[in-house]
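Just so we're clear, the structure is a prediction, and the values are computed from it rather than from any experiment.
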Amino acid sequence: MDYGQWLRVAVAEAEAGLASGGIPIGAALIGPDGAVLGRGHNRRVQDDDPSVHGETAAFRDAGRQRSYADTTMVTTLSPCWYCSGLIRQFGIGRVVIGEARNFHGGHDWLAEHGVDVVVLDDPGCTRMMADFIAAHPRLWNEDIGES
């Protein structure tokens, strides 16, 4: 398992989201053989759709799978409760997280329910999100449901 290579896919998606005026959170759904099944980034701003998070975009891009048990969701940021629910609902077996310093989502809950959770604590992911939050606090608070 090459978590670094997989994370680079998610980071490229996050950077694409940022470059198009959105929130820099990217994700990829990885198959049991290590192939990228789907990739995506948060497009809440670009699509005016609050349901298009990085993980949901990658999940949708992957299309229908017979089973998700042996797949891995790789994301630049700890998944929010919405995305954690998606991971749990479809039985995605592993989550690889770039960072959980700027936002601690539902990954502890996922681990408690049998999902293999790996937090990489990647400095690049941490810096990208911290810089975004500092520059766009209102948009970030909107994304995480804060007033």
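The only option from Ile25, Ile144, Ile133 that meets the side-chain contact (heavy atoms from CB on, under 4.5 Å) definition with Phe103 turns out to be Ile144. Of the listed residues (Thr126, Asp121, Asp122), just one forms a side chain to side chain donor-acceptor pair (under 3.5 Å) with Arg101, and that residue is Asp121.
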For residues 105-114, run the donor-acceptor check on the side chains, cut-off 3.5 Å, and write out each pair with its distance to 0.1 Å, sequence neighbours left out.
from, atom 1, to, atom 2, distance (Å)
His107, ND1, Ser78, OG, 2.6
Asp108, OD2, His104, NE2, 2.7
His113, ND1, Trp109, O, 2.9

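In this structure, the side chain of Asp143 does not engage the main chain of Leu139 through any donor-acceptor pair within 3.5 Å. Side-chain atoms of Thr71 never come within 3.5 Å of backbone atoms of Pro32 as a donor-acceptor pair (strictly under, hydrogens ignored).
Within a 6.0 Å sphere centred on CG of Asp2, heavy atoms belonging to other residues, nucleotides or ligands number more than 12.
With sequence neighbours left out, the side-chain contact (heavy atoms from CB on, under 4.5 Å) criterion links Val9 to Ala28, Val36, Arg39. Scanning for ring-ring contact (aromatic ring centres under 6.0 Å, His included) contacts around Tyr82 gives His53, with sequence neighbours left out. Listed by chain and number, the residues in a side chain to side chain donor-acceptor pair (under 3.5 Å) with Asp116 are Arg94 (sequence neighbours excluded).
Taking both residues in full, the closest heavy atoms of Asn102 and Trp140 are given as O-CZ2, 4.4 Å, listed atom of the first, atom of the second, then distance. The shortest non-hydrogen separation linking Pro24 to Leu18 is CB-CB, 3.9 Å. The shortest non-hydrogen separation linking Val52 to Ala57 is CG1-CB, 4.2 Å. Nearest heavy-atom pair across Ile97 and Pro79 is CD1-CD, 3.8 Å. A pairwise comparison of heavy atoms in Ile92 and Met73 identifies CG2-N, 3.8 Å as the closest pair. Taking each heavy atom of Cys83 and Glu55 in turn, the nearest pair found is SG-OE1, 3.2 Å.
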Query raised in the report: Yes or no on side-chain contact (heavy atoms from CB on, under 4.5 Å) for Val11 and Cys125, after CA distance, side-chain angles and deciding distance?
Result: CA-CA 7 Å; Val11 168; Cys125 289; 3.7 Å; yes
Query - Test log, rule side-chain contact (heavy atoms from CB on, under 4.5 Å), inputs Met129 and Ile23 - result: CA-CA 9 Å; Met129 200 71 241; Ile23 298 163; 4.2 Å; yes
Report task. Evaluate the criterion salt bridge (charged side-chain N to carboxylate O under 4.0 Å, His left out) for residue pair Arg127 and Glu99; output intermediate values, then yes/no. Result -> CA-CA 10 Å; Arg127 187 174 41 259; Glu99 70 104 347; over 6 Å; no
Report task. Please lay out, stage by stage, how Val95 and Ile87 fare under the test side-chain contact (heavy atoms from CB on, under 4.5 Å). Result -> CA-CA 8 Å; Val95 178; Ile87 291 162; 3.7 Å; yes
Query raised in the report: Where do Leu29 and Thr72 land on the side-chain contact (heavy atoms from CB on, under 4.5 Å) test, with the steps shown first?
Result: CA-CA 6 Å; Leu29 186 65; Thr72 300; over 6 Å; no
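Residues Leu120 and Val74 are members of one and the same hydrophobic cluster, defined by side-chain heavy-atom contacts under 4.5 angstrom among Ile, Leu, Val, Met, Phe, Trp and Tyr. A continuous path of hydrophobic side-chain contacts links Ile30 to Val96 [ILVMFWY only; heavy atoms under 4.5 Å].
Thr76 OG1 to Glu15 CD: the interatomic distance, rounded to the nearest 0.5 Å, is 10.0 Å. Remark: His41 NE2 to Thr75 OG1 distance equals 13.0 Å, nearest 0.5 Å. We find the OH-CD distance between Tyr68 and Gln89 to be 11.0 Å, quoted to the nearest 0.5 Å. One distance of note links CZ of Phe132 with CG of Leu77; it measures 11.0 Å at 0.5 Å rounding.
The aromatic rings of Phe59 and Phe90 lie tilted to each other, with the angle between the two planes from 30° to 60°.
Contacts classified as salt bridge (charged side-chain N to carboxylate O under 4.0 Å, His left out) and involving residues 67-85 (residues at least two apart or in different chains) are not found. Applying the side chain to side chain donor-acceptor pair (under 3.5 Å) test to residues at least two apart or on different chains, the pairs with a partner in residues 17-30 are Ser20-Gln46.
A salt bridge does not link Asp49 with Arg43: every distance from a Lys NZ or Arg NE/NH1/NH2 to an Asp or Glu carboxylate oxygen is 4.0 Å or more.
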